[in-house]
Colleague: 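Can you keep this structure in mind? I'll have questions shortly.
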Amino acid sequence: NVLCWLETYYGSKWRFLEHKGPVFAPPYEPMPDKVKFFYDGKPMKLSAPAEEVATFFAKMLEHEYTTKDIFRKNFFKDWRKEMTPEEKSKITDLNKCDFSDMSAFFKAQSEARKQMSKEEKQKIKEENERILQEYGFCIMDNHKERIGNFRIEPPGLFRGRGDHPKMGMLKRRIRPQDIIINCSKDSKIPKAPPGTKWKEVRHDNKVTWLVSWTENIQGSIKYIMLNPSSRIKGEKDWQKYETARRLKKCVDRIRNQYREDWKSKEMRIRQRAVALYFIDKLALRAGNEKEEGETADTVGCCSLRVEHIKLYPKMDDQEYVVEFDFLGKDSIRYYNKIPVEKRVFKNLQLFLENKQPEDDLFDRLNTSILNKHLQELMDGLTAKVFRTYNASITLQQQLKQLTTGDDSVPAKILSYNRANRAVAILCNHQRAPPKTFEKSMQNLQTKIDDKQSQLSTARKQLKAAKADHKASHDEKSKKIEEQLMKLQMQATDREENKQIALGTSKLNYLDPRISVAWCKKYGIPIEKIYNKTQREKFAWAIDMAEKDYEF
DNA sequence: CTTTTGACTTGCCGAGAGTACG
DNA sequence: CGTACTCTCGGCAAGTCAAAAG
């Protein structure tokens, strides 16, 4: 409609926005006097600010990273900033600090929480529900919408992922004077807590956030935004998949183009073309440059270094094999050996010439150059669209290949999960094997064994009673067979999923309409594929996709 | 042009809610 | 009815990418 078009055209995201502002972290509660901190073996009463920071460390004492040098160094430096001059002069060595009493106190506290009576737990639940009702919703353009994260992050010690140079630094407490509120001029402006003021109240309908503040570790801005079920997020999500579908229409042209570019006279074009080939074929991320020393050393495609690939002209029975080994987003290792076209291989050899291991593989390329090129190839095309496109097309193709019409429902679910798994592997979505994995596999096996003996018992009974109650016993063993089958499917699924995380691709890369269509086509209840939150997020797709939808 | 900032998506993990089980 | 396991959901870090600033 015209209004919608106008909004898009002028970049406004809403006309009316009203909300109650954020919920702050609860204030610090000082330790009871009986809980001691010891320095150099002697008890020492800390000032409230120093004590608070000490409790952050105490709460993490069990974790391995409190033993790491960088963590301890960063923590100690920031902790000292919170100390009084006296404390500062006395506490000079972290190794002489004993937090164990504090740690034990917190452990007991959390134990006590678990042991609370049903009534007490209910009371807490009700209070949370009340806060949710009050602060968890906003009005955006005539609709009541759920807010994603309406609570401000509490203070604590920063723990980045991987080898983060800033691990252990103090993440400071956010106060009202740090907060920027964004809402309509004509809405009820949220009130700052008594005696405080917001940093700023603005009325910017070119953005979707309701609240923002600047975080002190990286100096980046944090936002409070709407829940994925909201109109504004849903439309954006839908747009994303439509862009990926447009790529589907011209991907052949683009592939031919970059294959041509492998032969270009210009180095920058050949580098661009090889990088794009990796992004397309291997679903690598773009790989922005990162400031050294500010974050963990991770890379994506454009930021790959010489040390991250190895070339093998021959490997076993394959030619022109490239071995990738690097840390990607969240310091997750990407390891892959793939045979490539001879031209790609020759190009890579050329890119490596006269370089040190720590030099950039693509020295004439960055994400900005790449995305500008992509934009010229297709409106709205960027590196990440390839991930979305390849993920979704893989799911669709795998579902077609793996689903058998007359399979049972559990068998079809297994097929679905396998298709999903193919995507997760492509996108390198890994997880640490669950701590209880072996145990849980064992439990499942026990259930299978039980079921199997149940089945043989039932079959014996059937034989014995063949003459009279044939029908009912036959039905009984059939039911047990089904249950057994279901358990076996579950076991296979779980085993195959040991180190693979399906959630990320399901939530971010797979056009939900593919899954909805598949469910409709094979009569699978959508609940088997999407849980409640996911159904809320994908409501738009559940509404619109028919059984013949094609990505 | 390069660098920085801002807004938004993507990603893994752990706490605790929910559920099955003895 | 408590315990043990599973699953969901939120937390928040870490990416992408465009636009503004220098």
Side-chain angles (χ1 to χ4, degrees), chain A residues 11 13 25 63 110 113-116 118 121 124-125 128 132 136 147-154 156 158-162 164 166-167 171 180 182 204 206-209 212 214-215 217-228 232-233 236-237 239-240 279 285-291 294-296 298-303 327-332 366-372 374-375 380-385 387-388 391 424 427-432 434-437 439-440 442-444 446-447 450 490 494 501-509 530-534 536-537:
Chain A
K13 306 288 169 62
H63 272 105
S110 92
R113 243 195 317 272
K114 276 185 213 149
Q115 299 302 322
M116 276 187 312
K118 246 190 193 137
K121 281 183 181 167
I124 292 174
K125 203 176 162 191
N128 280 334
L132 173 68
I147 298 170
N149 55 325
F150 54 88
R151 287 170 199 277
I152 302 271
E153 294 170 21
F158 175 82
R159 171 65 175 101
R161 301 202 250 267
H164 200 113
K166 299 194 172 185
M167 65 169 80
K171 215 171 80 163
I180 302 175
N182 191 35
D204 181 358
K206 303 280 187 283
V207 297
T208 66
W209 54 266
S212 77
T214 302
E215 150 279 335
I217 303 289
Q218 322 273 352
S220 65
I221 308 169
K222 300 256 186 175
Y223 303 93
I224 290 182
M225 290 184 190
L226 296 195
N227 185 274
I232 209 156
K233 293 285 184 191
K236 199 78 191 294
D237 209 33
Q239 247 179 48
K240 174 180 81 185
I279 283 171
R285 295 186 188 82
N288 286 310
E289 298 105 299
K290 303 169 70 179
E291 213 176 329
E294 292 293 300
T295 61
T298 63
V299 297
C301 186
C302 292
S303 51
L327 296 184
K329 182 176 178 179
D330 291 321
S331 294
I332 298 291
N366 60 42
T367 54
S368 166
I369 296 172
L370 179 67
N371 280 333
K372 268 191 197 109
L374 293 176
Q375 184 59 234
L381 186 60
T382 63
K384 83 187 185 85
V385 179
R387 251 167 105 79
T388 313
C427 294
N428 201 38
H429 291 143
Q430 300 185 23
R431 63 164 180 179
K435 286 189 189 88
T436 55
F437 186 81
K439 187 92 207 277
S440 109
Q442 261 173 26
N443 289 343
L444 205 47
T446 312
K447 278 191 196 171
D450 287 356
Q490 250 182 49
R494 194 170 296 181
L502 300 185
T504 301
S505 51
K506 202 178 214 176
L507 236 46
N508 300 300
Y509 289 104
Y530 292 137
N531 67 30
K532 185 165 152 282
T533 340
Q534 294 165 338
E536 280 166 11
K537 166 165 174 161

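FYI, side chains are in, hydrogens and waters are out, and symmetry mates aren't considered; it's all heavy atoms of this structure.
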Colleague: Let me know, please, whether Val385(A) or Lys222(A) comes out on the 5' side of the other along DNA chain C by nearest nucleotide.
Modeller: Lys222(A)

Colleague: In whole angstrom, what separates Asn288(A)'s CG from dG15(C)'s P?
Modeller: 10 Å

Colleague: Roughly how many Å is it from NZ in Lys290(A) to P in dC17(C), rounded to a whole number?
Modeller: 15 Å

Colleague: Mind calculating the distance between CD1 (Ile224(A)) and P (dG11(C)) to the nearest angstrom?
Modeller: 10 Å

Colleague: Does OP1 or OP2 of dC17(C) have a side-chain N or O of Asn371(A) closer than 4.0 Å?
Modeller: yes

Colleague: Within the 4.0 Å heavy-atom criterion, would you say Lys171(A) contacts the bases, only the backbone, or no part of the nucleic acid?
Modeller: sugar-phosphate

Colleague: Below 3.5 Å between N/O atoms, which protein atoms pair up with nucleotides 7-11 of chain B? Just atom names and distances, please.
Modeller:
from	atom 1	to	atom 2	distance (Å)
dA7(B)	OP2	Tyr223(A)	OH	2.9
dA7(B)	O5'	Tyr223(A)	OH	3.4
dC8(B)	OP1	Lys13(A)	NZ	3.0
dC8(B)	OP2	Thr208(A)	N	2.9
dC8(B)	OP2	Thr208(A)	OG1	3.0
dC8(B)	O5'	Thr208(A)	OG1	3.4
dT9(B)	OP2	Lys233(A)	NZ	2.5
dT9(B)	O3'	Lys384(A)	NZ	3.3
dT10(B)	OP1	Lys384(A)	NZ	3.2
dT10(B)	OP2	Lys240(A)	NZ	2.8
dT10(B)	O3'	Tyr509(A)	OH	3.0
dT10(B)	O2	Lys329(A)	NZ	2.5
dG11(B)	OP1	Arg285(A)	NE	3.3
dG11(B)	OP1	Arg285(A)	NH2	2.8
dG11(B)	OP1	Arg387(A)	NH2	2.7
dG11(B)	OP1	Tyr509(A)	OH	2.9
dG11(B)	OP2	His429(A)	NE2	3.1
dG11(B)	OP2	Tyr509(A)	OH	3.0
dG11(B)	O4'	Lys329(A)	NZ	3.3
dG11(B)	N2	Arg161(A)	NH2	2.8

Colleague: Can you tell me if Glu289(A) and Ser303(A) form a side-chain donor-acceptor pair at under 3.5 Å?
Modeller: no

Colleague: Would Lys329(A) and Thr298(A) count as a side chain to side chain donor-acceptor pair (under 3.5 Å) if you check the C-alpha gap in whole Å, the side-chain angles of each, and the deciding distance to 0.1 Å?
Modeller: CA-CA 6 Å; Lys329(A) 182 176 178 179; Thr298(A) 63; over 6 Å; no

Colleague: Show the distances under 3.5 angstrom between N or O atoms of the protein and N or O atoms of nucleotides 17-21 of chain B.
Modeller:
from	atom 1	to	atom 2	distance (Å)
dC21(B)	OP1	Lys447(A)	NZ	3.3

Colleague: Between P on dT16(C) and CG on Leu370(A), what's the gap in Å once rounded to a whole number?
Modeller: 11 Å

Colleague: How many whole angstroms separate atom CG of Leu381(A) from atom C1' of dT16(C)?
Modeller: 14 Å

Colleague: May I have the distance from Gln239(A) (atom CD) to dT16(C) (atom P), rounded to whole angstrom?
Modeller: 21 Å

Colleague: Which whole-number value in Å describes the distance from Glu294(A) CD to dT3(B) P?
Modeller: 15 Å

Colleague: Output a table of nitrogen or oxygen pairs between the protein and nucleotides 19-22 of chain C separated by less than 3.5 Å.
Modeller:
none

Colleague: Atom CD of Glu215(A) and atom C1' of dA14(C): how far apart are they, to the nearest Å?
Modeller: 11 Å

Colleague: I need the Lys240(A) NZ to Tyr509(A) OH distance, nearest 0.5 Å.
Modeller: 7.5 Å

Colleague: Using atom types as modelled and distance alone, determine if a side-chain donor or acceptor of Lys171(A) lies under 3.5 Å from a backbone N or O of Gly156(A).
Modeller: no

Colleague: About how many Å separate CD1 of Ile279(A) and SG of Cys302(A), when rounded to the nearest 0.5 Å?
Modeller: 5.0 Å

Colleague: Base, sugar-phosphate, or nothing for Pro154(A), non-hydrogen atoms under 4.0 angstrom?
Modeller: sugar-phosphate

Colleague: Check every strand shown and say whether Thr298(A) touches a base, only sugar-phosphate, or nothing at a heavy-atom separation below 4.0 Å.
Modeller: sugar-phosphate

Colleague: List the steps, then state whether side chain to side chain contact (heavy atoms under 4.5 Å, CB included) holds for Lys537(A) with Tyr530(A).
Modeller: CA-CA 10 Å; Lys537(A) 166 165 174 161; Tyr530(A) 292 137; over 6 Å; no

Colleague: Considering every strand and a 4.0 Å limit on heavy-atom distances, what is the contact class for Gly300(A): base, sugar-phosphate, or nothing?
Modeller: nothing

Colleague: Checking side-chain polar atoms at under 3.5 Å, does Gln239(A) have a donor or acceptor matched by the opposite partner on Asp237(A)?
Modeller: no

Colleague: Below 30° counts as parallel, above 60° as perpendicular, anything between as tilted: where do the rings of Phe158(A) and His164(A) land?
Modeller: perpendicular

Colleague: What nucleic acid atoms does Ala383(A) come within less than 4.0 Å of, heavy atoms only: base, sugar-phosphate, or nothing?
Modeller: sugar-phosphate

Colleague: Could you state the interatomic distance from CD1 (Ile224(A)) to CD1 (Ile152(A)), rounded to the nearest 0.5 Å?
Modeller: 4.5 Å

Colleague: Does OP1 or OP2 of dC17(C) have a side-chain N or O of Thr382(A) closer than 4.0 Å?
Modeller: yes

Colleague: Does OP1 or OP2 of dC13(B) have a side-chain N or O of Arg159(A) closer than 4.0 Å?
Modeller: no

Colleague: Judged by atom type as modelled, is there a donor-acceptor pair below 3.5 Å linking the side chain of Glu294(A) to the main-chain atoms of Glu291(A)?
Modeller: no

Colleague: Any donor and acceptor pair, going by atom type alone, linking the side chain of Gln218(A) with main-chain N or O of Ser220(A) inside 3.5 Å?
Modeller: no

Colleague: Hydrogens and angles aside, do Asn371(A) and Thr382(A) bring a side-chain donor and acceptor to less than 3.5 Å of each other?
Modeller: no

